[in-house]
Amino acid sequence: MTDNRFDPSSADGRWQRAWEEAGTFAADSNSEKPKSYILEMFPYPSGRIHMGHVRNYTMGDVLARYKKMRGHEVLHPMGWDAFGMPAENAAMEKKVHPGDWTRSNIEAMKAQLKRIGFALDWTREFATCDPEYYGHEQALFLDMYEAGMVYRRSSEVNWDPVDMTVLANEQVIDGKGWRSGAEVEKRKLDQWFLKITDFADELLEGLGELENWPDKVKLMQENWIGKSQGLEFSFDLSNGAKLPVYTTRPDTIYGASFCAIAADHPLAQALADDPAVAAFIDECKRGGTTAAALETAEKLGFDTGVTARHPFTGAPLPVFIANFVLMEYGTGAVMGVPGHDQRDFEFATKYALAITRVVAGDISQADAPMGDAAEPGDGVVVNSDFLDSMTVDDAKAEVIRRAEDGGWGEGKTVWRLRDWGISRQRYWGTPIPFIHCDACGIVPVPKDHLPVTLPDDVDFETPGNPLERHPKWKHCTCPKCGGEAVRETDTLDTFTNSSWYFLRFASQPSDKPFDAAEIAKWMPVEHYIGGIEHAILHLLYARFWTRALAKIGKFDVTEPFASLFTQGMVTHETYSLGDGSWLSPTEVRKDGADWVTIEGGAPVAAGRVVKMSKSKKNVVDPDNIIDQYGADAVRWFMLSDSPPERDLPWSESGIEGCGRFVQRLWRLFESVDADAVGEDKELARRSHQAIVAVAEDIEALSFNKAVARIYELTGAAEKAGQSESRNFAINAILHMVSPMMPHLAEEAWAKLGQEGMIADARWPEHDAAMLVEDEVTIAVQHKGKLRDTLTAPKGASKENLEALALASEKVQRSLDGAEVRKVIVVPDRLVNIVT
RNA sequence: GCCCCUGUGGCGGAAUUGGUAGACGCGAGCGAUUCAAAAUCGCUUUUCUACGGAAGUGCCGGUUCGAGUCCGGCCAGGGGCACCA
């Protein structure tokens with residue numbers, strides 16, 4: 001008796017080795033074929049592959065394998081985003097070297113990835129902590145320095161007191177460190193910066209050409225870059241100084257009743273000799289920056305006694321130090337227009353300042369009283385002398401024109417985006433390749449001295465930067481004067497590592513970061529797939545690096561990722577005991593309709609379906625699932641049911657269903673009678689239709705729809721009697737599932753006596769003539785409701801369809817003798833009778 | 001507060017973009033096979049129904065011969081930004 005089951009435990013590994021030995025997925029850049037670069041965001045080597053990785057890489061894998069079947073030369077690489085703080089945390093907690101910890105994690109995760117059978121080109125694998133990689137990164141950084149894109153300045157930084165490092169604005173969430181969760185402090189430090197603001201305009205404009213990016217991500221980047229246009233002008237102050245302010249509403253200038261400056265504005269600092277002023281400034285700095293604190297924070301001001309002269313009316317406006325004005329945005333000073341800005345309104349109410357209407361619905365409402373809130377909306381300008389009855393937009397332009405003509409102000413664009421602070425006081429990162437010399441100042445490390453490598457002997461017993469404390473590492477000679485000097489001990493933010501890795505995958509010469517000709521062959525990435533959490537940081541930085549390197553003349557690519565796909569999370573039900581403690585899915589079982597613990601049978605509450613996380617214990621380990629069901633069932637599950645951009649709820653019954661389908665397909669493949677003859681036209685037609693539809697679905701990344709179509713055709717083939725058409729259908733199914741369930745497909749391919757591997761096979765051809773149905777089902781409606789369906793030959797005339805519809809007994813019953821006023825016929829689709 | 005997205009059976013979700021709502025999967029039920037079980041196969045599964053039908057895609061209204069799809073107004077859930085002048 002033959003065992004007619006597919007056995008993944010023997011087949012999976014066998015085919016994985018076969019692909020590896022044949023070099024099936026190694027990309028040949030000299031190939032004449034059209035090129036496809038498929039990339040998933042490379043993982044941080046945290047220790048284990050989780051289901052989120054599996055979902056991400058399965059999607060990319062289906063695309064890579066499909067593209068190969070379509071005759072493309074595919075680059076589908078994998079590597080490791082290997083620098084970062086968890087390695088240092090592990091070093092501190094477990095007394096291991098960050099490098100050793102990282103490399104053993106890579107080892108383990110690579111073995112896990114290989115078990116899933118991904119079509120990866122492992123020959124291009126690298127980790128960002130390889131000195132070769134970060135050495136080239138240092139070279140690129142020096143190129144950017146030479147091009148004036150890097151600078152150093154003393155700046156107030158976000159200091160994380162727990163991790164003892166500086167954080168980028170992007171890494172501060174609600175005033176807390178993104179990793180430690182500690183309240184972030186302000187400190188002044190000399191920091192390295194990348195001039196991303198020089199690229200603000202093109203990064204914003206470039207979004208326009210990214211047609212295949214989700215609107216959501218583009219919108220988030222647009223908001224992050226935050227372009228606004230307005231007027232910058234200076235008030236003459238009563239103390240003889242000038243006060244530059246920035247406003248996006250110059251049209252409301254006649255409504256200004258005060259000025260407000262930030263607590264750390266130079267003018268405020270100059271007045272800080274007065275203890276009352278100093279006390280107020282201190283109070284402003286203490287204010288929390290959390291969402292909740294801001295929501296409830298009262299608008300506070302301190303009248304400096306100085307007044308500003310209104311540029312048109314000459315009226316004296318009081319100048320306040322105010323807690324709601326930010327030094328980092330615009331000029332750190334604003335004109336307060338209470339009538340049409342909510343913050344100004346609240347401030348004016350508190351300090352009894354004039355609230356004047358200068359915008360109204362129309363000119364006749366100029367004297368309409370203000371309500372209990374500002375009116376920031378559109379309208380016409382009133383109570384504003386020469387601006388009266390102009391639209392808001394015209395008035396803006398007019399005020400800017402007069403300011404420029406009068407030489408007291410100019411139209412200006414202001415960005416929310418700040419320069420990217422890249423200094424990190426950390427060991428496990430790319431050393432910043434600069435040397436500090438007392439005689440020569442800051443000197444770049446000569447390129448032939450690169451890489452500046454990290455020392456191996458480091459101690460993590462005390463917090464802070466181990467490079468700073470290292471006895472020898474930072475001491476060196478100045479490349480310029482040969483005198484004693486010290487190295488820069490800051491390392492680069494890890495986001496720099498992931499800002500160009502896709503270039504290194506495409507081309508990896510040893511003597512330079514990449515080769516322009518090779519980059520031209522592969523870039524841009526055709527499909528980039530990863531999590532929505534990188535919508536701003538990583539994706540903005542990678543776009544910036546690509547544009548910066550293009551500007552230096554490294555290549556012609558401006559946008560690195562032609563199409564972006566952000567996949568949803570893998571979620572799972574949560575389980576908890578009465579005391580609120582979480583239980584892992586392996587600790588519970590279903591007892592009838594209820595959940596109980598496996599040990600002890602205690603009642604368990606099944607909670608919300610949320611992202612798999614260690615803290616909620618609702619994680620499922622891919623390794624265990626692969627042991628149980630094989631790689632193909634897991635891959636199939638990842639593609640089934642949920643649209644890829646949405647969350648995928650993991651379920652035990654779902655994976656079981658996938659395991660069943662793997663066996664069902666195997667039985668179908670085994671049922672092939674190679675000598676079968678005869679045509680089954682209906683099945684043949686459905687096969688051709690599926691070939692077209694599944695291809696379209698895969699190209700649109702609608703894997704759930706492709707899966708559903710494969711189920712349908714499988715069901716039809718199972719029910720059909722033996723025929724050539726049935727063999728054609730099964731062959732089509734085998735090819736269509738091969739990107740999704742490659743091990744099963746190879747095993748069946750071999751068993752059916754086919755040459756070579758299906759990984760090298762082509763996507764099946766369809767016959768356009770076979771797609772057309774000869775009969776169609778026509779819906780018949782009356783009063784907008786479906787009354788009957790009828791079968792008609794495709795292309796039947798309107799008259800025929802109308803006659804057929806009216807002949808229907810059900811339709812006649814519904815008409816009940818009513819007069820037919822109109823009949824709408826949509827050929828091959830429906831007849832709608834109007835009475 | 002501002003901006004954006006999403007609401008369809010018990011569940012995940014389809015619906016050629018204005019043309020038969022609920023494909024496909026999961027779950028559930030009934031049956032076949034079996035000494036029994038697993039596995040497998042078949043049928044049923046939106047709701048109500050006086051079995052003729054009627055209602056139904058978060059709610060209210062509109063446009064249309066026809067609305068899950070378009071428009072207006074709500075409600076709920078999720079996400080992003082956040083004192084950005």
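Order of the sequence lines sets the chain letters (A, B, ...), proteins ahead of strands, with each chain counted from 1. Below, each value reflects all heavy atoms present in this structure, side chains not excepted, and no hydrogens, waters or symmetry copies.
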Next item on the list: Select base, sugar-phosphate, or nothing to describe what A/Asn832 touches, counting heavy atoms under 4.0 Å on all strands.
Entry: base
Notebook entry, point to check: Nearest to the side chain of A/Val834, which nucleotide is it out of B/G25, B/A23, B/C65?
Noted result: B/C65
Notebook entry, point to check: What nucleotide, of B/G25, B/G66, B/C81, holds the atom closest to the side chain of A/Tyr711?
Noted result: B/G25
Item checked: Among B/G66, B/A85, B/G79, the nucleotide that comes nearest once only the side chain of A/Lys216 is considered -> B/G79
Note to self: Can you classify the ring geometry of A/Trp420 versus A/Tyr541 as parallel (below 30°), tilted (30 to 60°) or perpendicular (above 60°)?
What the structure shows: parallel
Item checked: Closest nucleotide among B/C83, B/U20, B/C24 to the A/Asn323 side chain -> B/C83
Checklist line | Proximal nucleotide (of B/U20, B/A85, B/C26) relative to the A/Ser653 side chain | finding: B/C26
Notebook entry, point to check: When rounded to the nearest Å, what value does the distance between C1' atoms of B/G77 and B/C26 take?
Noted result: 24 Å
Next item on the list: Report yes if some heavy atom in the side chain of A/Met736 is under 4.5 Å from a heavy atom in the side chain of A/Arg709; otherwise report no.
Entry: no
Notebook entry, point to check: Want to settle it: does A/Glu645 or A/Val826 sit nearer the 5' end of RNA chain B, counting the closest nucleotide to each?
Noted result: A/Glu645
Next item on the list: Could you work out the separation of B/C2 and B/U20 based on their C1' atoms and round it to a whole Å?
Entry: 43 Å
Check: Given the P atoms of B/U69 and B/C3, what is the spacing between them in whole Å?
Finding: 24 Å
Check: Base, sugar-phosphate, or nothing: which does A/Arg646 touch, judged by heavy atoms less than 4.0 Å apart?
Finding: sugar-phosphate
Note to self: Expressed as a whole number of angstroms, how long is the span from A/Lys218:NZ to B/C3:P?
What the structure shows: 20 Å
Notebook entry, point to check: Which whole number of Å gives the distance between the P atom of B/A38 and that of B/C48?
Noted result: 31 Å
Checklist line | Conformer about C1'-N of B/U17 - syn within 90° of 0, anti elsewhere | finding: syn
Margin query: Here's a test of your reading of the structure: between A/Cys658 and A/Ile532, which maps to the more 5' nucleotide of RNA chain B?
Written below: A/Cys658
Next item on the list: Any chance you could lay out the side-chain contact (heavy atoms from CB on, under 4.5 Å) test for A/His766 and A/Leu771, step after step, and finish with the verdict?
Entry: CA-CA 8 Å; A/His766 73 273; A/Leu771 299 176; 3.9 Å; yes
Item checked: Non-hydrogen side-chain atoms of A/Ile698 and A/Met740 separated by less than 4.5 Å -> yes
Next item on the list: Check whether any side-chain nitrogen or oxygen of A/Arg343 sits under 4.0 Å from OP1 or OP2 of B/C84, and answer yes or no.
Entry: yes
Notebook entry, point to check: For B/A55, what is the paired nucleotide under Watson-Crick or G-U wobble rules, both distances under 3.5 Å?
Noted result: B/U46
Margin query: I'd like to know if the side chain of A/Gln663 and the backbone of A/Arg5 have a donor-acceptor N/O pair within less than 3.5 Å.
Written below: no
Notebook entry, point to check: Taking only N and O in the side chain of A/Arg787, is any of them less than 4.0 Å away from OP1 or OP2 of B/A54?
Noted result: yes
Notebook entry, point to check: Of the nucleotides B/G80, B/A85, B/C24, which one has an atom closest to the side chain of A/Tyr329?
Noted result: B/A85
Next item on the list: Tell whether A/Lys783 reaches the base of B/C65 with its side chain through a donor-acceptor pair below 3.5 angstrom.
Entry: no
Margin query: Between B/U46 and B/C11, how many Å separate the two P atoms, rounded to a whole number?
Written below: 13 Å
Item checked: Pairing nucleotide - B/G12, Watson-Crick or G-U, each distance under 3.5 Å -> B/C24
Next item on the list: Kindly label the base of B/G42 as syn or anti, based on whether its glycosidic torsion lies within 90° of 0.
Entry: anti
Margin query: Angle between ring planes, A/Trp636 versus A/Phe661, binned at 30° and 60°: parallel, tilted or perpendicular?
Written below: parallel
Note to self: Are the side chains of A/Phe6 and A/Asp632 in contact, using a 4.5 Å heavy-atom criterion?
What the structure shows: yes
Check: Which nucleotide sits closest to the side chain of A/Leu219: B/C3, B/C81, B/A23?
Finding: B/C3
Margin query: Distance check needed: B/C24 P versus A/Trp636 CH2, whole Å only.
Written below: 14 Å
Notebook entry, point to check: Less than 3.5 Å between a donor and an acceptor, one on the side chain of A/Arg829 and one on the base of B/U16, is that the case here?
Noted result: yes
Item checked: Counter-base of B/G66, judged by Watson-Crick or G-U geometry with both distances under 3.5 Å -> none
Next item on the list: Would you mind pulling out the nucleotide paired to B/C81, Watson-Crick or G-U wobble, both distances under 3.5 Å?
Entry: B/G1
Next item on the list: Please determine if a side-chain N or O atom of A/Lys810 lies less than 4.0 Å away from the OP1 or OP2 oxygen of B/G52.
Entry: no
Check: Applying a 3.5 Å limit to both distances, which nucleotide forms a Watson-Crick or G-U wobble pair with B/U17?
Finding: none
Next item on the list: Heavy atoms only: give me the nearest A/Gly568-A/Arg55 pair and the separation to one decimal.
Entry: O-NH1, 3.0 Å
Margin query: Please confirm whether the shortest side-chain N or O distance from A/Arg709 to OP1 or OP2 of B/A14 is below 4.0 Å.
Written below: no
Notebook entry, point to check: Hey, is B/G52 sitting syn or anti, using the within-90° cutoff around 0?
Noted result: syn
Item checked: Selection from B/C65, B/C81, B/G12 that lies nearest to any side-chain heavy atom of A/Arg416 -> B/C81
Notebook entry, point to check: What's the closest nucleotide to the A/Pro649 side chain, out of B/A14, B/G12, B/C24?
Noted result: B/G12
Next item on the list: Please work out which of the three classes, parallel, tilted or perpendicular, describes the rings of A/Phe320 and A/Tyr351, given edges at 30° and 60°.
Entry: tilted
Margin query: Tell me the interatomic distance from A/Glu222, atom CD, to B/C2, atom C1', rounded to whole angstroms.
Written below: 14 Å
Note to self: Measuring only the C1' atom in each nucleotide, how far is B/G9 from B/U45? A whole number of Å is fine.
What the structure shows: 9 Å
Next item on the list: Could you please name the partner base of B/C35, counting Watson-Crick and G-U wobble pairs only when both distances are under 3.5 Å?
Entry: none
Margin query: At less than 3.5 Å, do the side-chain atoms of A/Arg418 and the base atoms of B/C84 form a donor-acceptor pair?
Written below: yes
Notebook entry, point to check: How close or far is atom C1' of B/U16 from atom CG of A/Leu830, stated in whole angstroms?
Noted result: 14 Å
Margin query: Students often get this wrong, so: under 4.0 angstrom with heavy atoms, is A/Thr331 touching a base, only sugar-phosphate, or nothing?
Written below: nothing
Checklist line | Minimum-distance nucleotide to A/Met220 side chain [options: B/U20, B/A54, B/G80] | finding: B/G80
Note to self: Considering every strand and a 4.0 Å limit on heavy-atom distances, what is the contact class for A/Gln781: base, sugar-phosphate, or nothing?
What the structure shows: base
Item checked: Euclidean distance for P, B/C24 against B/G42 (whole angstrom) -> 13 Å
Next item on the list: Take the protein atom CD of A/Gln229 and the nucleotide atom C1' of B/A85, then report the distance between them rounded to whole Å.
Entry: 15 Å
Item checked: A/Thr566 side chain to A/Ile532 backbone, donor-acceptor under 3.5 Å -> no
Notebook entry, point to check: Base, sugar-phosphate, or nothing for A/Thr247, non-hydrogen atoms under 4.0 angstrom?
Noted result: sugar-phosphate
Next item on the list: Can you tell me the distance, in whole Å, between the CG atom of A/Asp647 and the P atom of B/U6?
Entry: 15 Å
Checklist line | Gap in Å between the two P atoms, one belonging to B/G12 and one to B/U8, rounded | finding: 7 Å
Checklist line | Under 3.5 Å on both distances, the Watson-Crick or G-U partner of B/U6 | finding: B/A76
Check: Under 4.0 Å: is that the gap between some side-chain N or O of A/Asn704 and OP1 or OP2 of B/A14?
Finding: yes
Note to self: Taking any heavy-atom pair under 4.0 Å as a contact, classify A/Val325: base, sugar-phosphate, or nothing.
What the structure shows: base
Check: Roughly how many Å is it from CG in A/Leu639 to C1' in B/C26, rounded to a whole number?
Finding: 16 Å
Checklist line | Length of the CG-C1' vector between A/Leu786 and B/G53, whole Å | finding: 13 Å
